[in-house]
Chemist: 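Input: one structure, supplied below.
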Amino acid sequence: MNNINTRIKSLKEESMQSLSITPDKKNEVLSEMKLLLTERKSDIFKANQKDLADAEKNGIPSPIYNRLIFDDKKLKDIVKGIDDLINMPEPCFRTVLKRQLDDGLTLEKITCPIGMIGVIFESRPDALVQIASLCLKTGNYVLLKGGSEAKHTNRALYDIIHTALINTGLPAGFVTLLETRDEITELLSCHDCIDLLIPRGSNEFVQYLMNNTKIPVMGHADGICHIYVDKHADFNNAIKIIVDAKTQYVAACNSVETVLVHSEIAETFLPKLAGALEKNNVKLLGYEIPKNIMDCEPATDEDFATEYLDYIVSVKIVKDTEHAVKHINKYGSHHTDCIITENDSESEKFMLNVDSSGVYRNCSTRFADGYRYGFGAEVGISTGKLHARGPVGLDGLLTYKYLLRGSGHIVSDYASGISEFHFKDL
């Protein structure tokens, strides 16, 4: 394991070179990645079939199996994401503030890479390409550790990225793949080398990482998303949105898990919703819902705190928007929550008071995604409140520094009153 520690320290030293990589060179390696992904897609699909066969043999749960699939559609999506990144402006060393403090004393705030990032993710091999491409664009070295269930696909994708780096003359260590469980333990001890850790996995997994490392951790645990159907909702829109949010990709962290319905429309709306969901093979769990309104299995408080990632949805009747907000802030995971209403004041009340990284009106929670936000891709969704929140794209992988340029200025002159500050934004 000491060899791994030494390797990570070496990569940290090497990562300082990334600060001098030009925007054109970054886009060159992204273009090469895009080309190789398309040329070698049959290799990727063969590797993925091995992982899928192993998953079936090992009885992996269907939500994880669905995330594991890497098909032509996912390939097209990640290629499109890389295209979008290439066309985005260079994110590093942008001036976001320039201020004169006094004559000849100028302060500038610029964006810059975070440095060395570790990303540990489960199930989804497409995440490997998204993360690598975002880190390349932002000039961050990245250590990638994927789940063992996707080992063949991850290796095939990483080989392509490694080849693209070599072909374009960039350091091969810019993107590094870790493949054993022991390497995670060693990675967690490298707080002097790794600047940020981004986990993508279960709540238990994220909590384990937070409790076992000194490295700052950014990420989200469960995705317990809600849709509240207000009494002023358009029923057709509501049903269409809920069906999409639950079934469009059921294993996603932004799929809806709980539907809250205003008590004044419950009797008329819930039977319609139940019929639509049953047609899509969705099982309903109802909390204290009379059988004459909707016949379903009972839901418990534990269900409201569960991320199903399956064709299951909890349903609860609430008396008003305040009651819905209170439920969401208690049971939700601060991921993405939505109100369906035609009433502006109820919408504003909901959107301002729900404490989540994404709060929507009249649209599917499935829009919570870096690609759909126009970020090109994302390394994950952050439900915390420091540094980055929501889908973490280019901006979330940058920090900043202050550059101060003077000509012999000293603080004593200002402390004694000989000189005075003359602040002026430039």
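These numbers come from a predicted model, not from an experiment.
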Chemist: Does some side-chain heavy atom of R94 sit less than 4.5 Å from a side-chain heavy atom of C92?
Modeler: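 Contact flag for C92/R94 side chains = no.
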Chemist: Taking atom OH of Y249 as the centre, report whether more than 12 heavy atoms of other residues, nucleotides or ligands fall under 6.0 Å from it.
Modeler: yes
Chemist: Please give me the minimum heavy-atom distance between L260 and A324, naming the atom from each residue.
Modeler: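 In this case the closest contact between L260 and A324 is CD1-O, 3.8 Å.
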Chemist: Check the pair T106 / L426 against side chain to side chain contact (heavy atoms under 4.5 Å, CB included), numbers first and verdict last.
Modeler: CA-CA 9 Å; T106 304; L426 302 176; 3.9 Å; yes
Chemist: For a quick test of reading the model, state the closest non-hydrogen atom pair linking T213 to L209 and the distance between them.
Modeler: CG2-O, 3.0 Å
Chemist: For A251, is there any backbone N or O sitting under 3.5 Å from a side-chain donor or acceptor partner on R67?
Modeler: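 Checked: pair present.
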Chemist: Can you name the residues that form a side chain to side chain contact (heavy atoms under 4.5 Å, CB included) with H191, not counting sequence neighbours?
Modeler: K214, I215
Chemist: Test salt bridge (Lys or Arg N to Asp or Glu O under 4.0 Å) on E297 and K283 and set out the steps.
Modeler: CA-CA 9 Å; E297 292 183 25; K283 177 182 175 182; 3.4 Å; yes
Chemist: If I compare all heavy atoms of N237 with all of D234, which pair ends up nearest, and what's the gap?
Modeler: N-OD1, 3.0 Å
Chemist: Evaluate whether atom CZ of R389 has more than 12 neighbouring non-hydrogen atoms of other residues, nucleotides or ligands under 6.0 angstrom away.
Modeler: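 Atom CZ in R389 is packed in, count exceeds 12.
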Chemist: Side chains of S10 and E13 only: does a donor on one sit below 3.5 Å from an acceptor on the other?
Modeler: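 No - no donor-acceptor pair under 3.5 Å links their side chains.
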Chemist: Between OG of S133 and NZ of K26, what distance do you get to the nearest 0.5 Å?
Modeler: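 Spacing of OG (S133) from NZ (K26) equals 13.0 Å.
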Chemist: Take atom CD of E420 as the centre, draw a 6.0 Å sphere, and report whether it contains more than 12 heavy atoms from other residues, nucleotides or ligands.
Modeler: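 Incorrect, the count does not exceed 12.
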Chemist: With a 3.5 Å distance limit and no angle check, can you tell me whether T321 reaches the backbone of F350 through a side-chain donor-acceptor pair?
Modeler: no
Chemist: Can you check whether L37 reaches I44 side chain to side chain, under 4.5 Å on heavy atoms?
Modeler: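 Side-chain contact under 4.5 Å: yes.
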Chemist: Assess the residue pair E322 and K349 against the criterion (salt bridge (Lys or Arg N to Asp or Glu O under 4.0 Å)); give the C-alpha distance rounded to whole Å, side-chain angles, the decisive distance to 0.1 Å, and a yes or no.
Modeler: CA-CA 8 Å; E322 288 87 347; K349 191 188 304 178; 3.3 Å; yes
Chemist: Would L128 and L177 count as a side chain to side chain contact (heavy atoms under 4.5 Å, CB included) here? Give the steps.
Modeler: CA-CA 9 Å; L128 186 147; L177 182 67; 4.0 Å; yes
Chemist: Which atoms form the tightest heavy-atom contact between L75 and K41, and what is the distance?
Modeler: CD2-CB, 3.5 Å
Chemist: With sequence neighbours left out, what residues match D344 under side-chain hydrogen bond (donor to acceptor under 3.5 Å, both in side chains)?
Modeler: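 side-chain hydrogen bond (donor to acceptor under 3.5 Å, both in side chains) check on D344 returns R361.
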Chemist: Is there side-chain contact between D425 and K98, with heavy atoms separated by less than 4.5 Å?
Modeler: no
Chemist: Between SG of C338 and CG of N362, what distance do you get to the nearest 0.5 Å?
Modeler: 6.5 Å
Chemist: Can you classify the ring geometry of Y158 versus H162 as parallel (below 30°), tilted (30 to 60°) or perpendicular (above 60°)?
Modeler: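 Answer is tilted, since the angle falls between 30° and 60°.
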Chemist: Just do the side chain to side chain contact (heavy atoms under 4.5 Å, CB included) check on T176 and V142 with the steps written out, would you?
Modeler: CA-CA 6 Å; T176 300; V142 62; over 6 Å; no
Chemist: With a 4.5 Å heavy-atom cut-off, do V315 and T258 have their side chains touching?
Modeler: no
Chemist: Who passes side chain to side chain contact (heavy atoms under 4.5 Å, CB included) against S148, sequence neighbours left out?
Modeler: none
Chemist: One pair to check against side chain to side chain contact (heavy atoms under 4.5 Å, CB included): Y65 and E149. What are the steps and the verdict?
Modeler: CA-CA 9 Å; Y65 184 90; E149 68 280 357; over 6 Å; no
Chemist: Indicate yes or no: at least one non-hydrogen side-chain atom of E257 is less than 4.5 angstrom from one of V313.
Modeler: no
Chemist: Can you find a side-chain donor-acceptor pair between N254 and T365 that sits under 3.5 Å?
Modeler: no
Chemist: Is any side-chain heavy atom of L11 closer than 4.5 Å to one of M116?
Modeler: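 Contact flag for M116/L11 side chains = yes.
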Chemist: Where is the tightest heavy-atom contact between I86 and S31, given as atom of each residue plus distance?
Modeler: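 Scanning both residues completely, I find the closest heavy atoms to be CD1-OG, 3.4 Å.
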Chemist: Any side-chain donor paired with an acceptor under 3.5 Å for E108 and T95?
Modeler: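 T95 and E108 do have a side-chain donor-acceptor pair below 3.5 Å.
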Chemist: Please tell me whether Y360 and F367 form a close aromatic pair, meaning their ring centres lie under 6.0 Å apart.
Modeler: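 Ring centroids of Y360 and F367 are no less than 6.0 Å from each other.
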Chemist: Would you tell me whether D182 and T185 have side-chain atoms, one donor and one acceptor, within less than 3.5 Å of each other?
Modeler: no
Chemist: Could you tell me if S314 and Y308 have a donor-acceptor pair between their side chains, going purely by distance under 3.5 Å?
Modeler: yes
Chemist: I would like to know whether D72 and K76 meet salt bridge (Lys or Arg N to Asp or Glu O under 4.0 Å); could you show each step before the answer?
Modeler: CA-CA 6 Å; D72 203 53; K76 285 177 182 174; 3.4 Å; yes
Chemist: Using every non-hydrogen atom in the two residues, find where L68 and N48 come nearest and quote the distance to one decimal.
Modeler: O-ND2, 2.9 Å
Chemist: Which residues pass the salt bridge (Lys or Arg N to Asp or Glu O under 4.0 Å) test with R372, sequence neighbours left out?
Modeler: none
Chemist: State the CG-CZ distance between L397 and F375, to the nearest 0.5 angstrom.
Modeler: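 Going from CG on L397 over to CZ on F375, the span is 11.5 Å.
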Chemist: What's the spacing between K145 NZ and L187 CG if we round to 0.5 Å?
Modeler: 10.0 Å
Chemist: Is any side-chain heavy atom of L107 closer than 4.5 Å to one of L403?
Modeler: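 No - every pair of side-chain heavy atoms lies 4.5 Å or more apart.
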Chemist: I want to check something: taking the side chain as every heavy atom from C-beta on, are L85 and L134 in contact at a cut-off of under 4.5 Å?
Modeler: yes
Chemist: Under the side chain to side chain contact (heavy atoms under 4.5 Å, CB included) rule, collect the residues that match up with E28, sequence neighbours excluded.
Modeler: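 Counting only residues at least two positions away or on another chain, E28 forms a side chain to side chain contact (heavy atoms under 4.5 Å, CB included) with K25, T168.
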Chemist: Is it true that D244 and R366 make a salt bridge, defined as a side-chain N closer than 4.0 Å to a carboxylate O?
Modeler: no
Chemist: What class does the angle between the rings of Y331 and H327 fall in, given that below 30° is parallel, 30 to 60° is tilted and above 60° is perpendicular?
Modeler: tilted
Chemist: May I ask you to check whether Y141 and E14 show a side-chain donor-acceptor distance below 3.5 Å?
Modeler: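 Yes.
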Chemist: If the condition is side chain to side chain contact (heavy atoms under 4.5 Å, CB included), which residues does N343 pass it with, not counting sequence neighbours?
Modeler: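 Result, side chain to side chain contact (heavy atoms under 4.5 Å, CB included) vs N343: D230, H232, T341, S345, E346.
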Chemist: Mind checking the CG-OG spacing from N329 to S356? Nearest 0.5 Å is all I need.
Modeler: 6.5 Å
Chemist: Do K316 and F304 form a cation-pi contact, if we require the NZ or CZ to be under 6.0 Å from the six-membered ring centre and within 45 degrees of the ring's axis?
Modeler: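 Yes; both conditions hold, so K316 lies above the ring face of F304.
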Chemist: Set out, in order, the CA-CA distance, both residues' side-chain angles and the distance that settles side chain to side chain donor-acceptor pair (under 3.5 Å) for T306 and D303, then state yes or no.
Modeler: CA-CA 5 Å; T306 300; D303 290 316; 4.8 Å; no
Chemist: For the pair D195 and K12, evaluate salt bridge (Lys or Arg N to Asp or Glu O under 4.0 Å) and give the outcome as yes or no after the intermediate values.
Modeler: CA-CA 10 Å; D195 300 292; K12 176 63 177 176; 2.6 Å; yes
Chemist: Please step through side chain to side chain donor-acceptor pair (under 3.5 Å) for the pair N140 and T138, ending with a clear verdict.
Modeler: CA-CA 6 Å; N140 289 291; T138 52; 2.8 Å; yes
Chemist: Go through it in stages, so that I can follow the logic: the residues are Y414 and D102, the test is side chain to side chain donor-acceptor pair (under 3.5 Å), and I'd like the CA-CA distance, side-chain angles, deciding distance and then a yes or no.
Modeler: CA-CA 10 Å; Y414 295 88; D102 195 4; 2.6 Å; yes
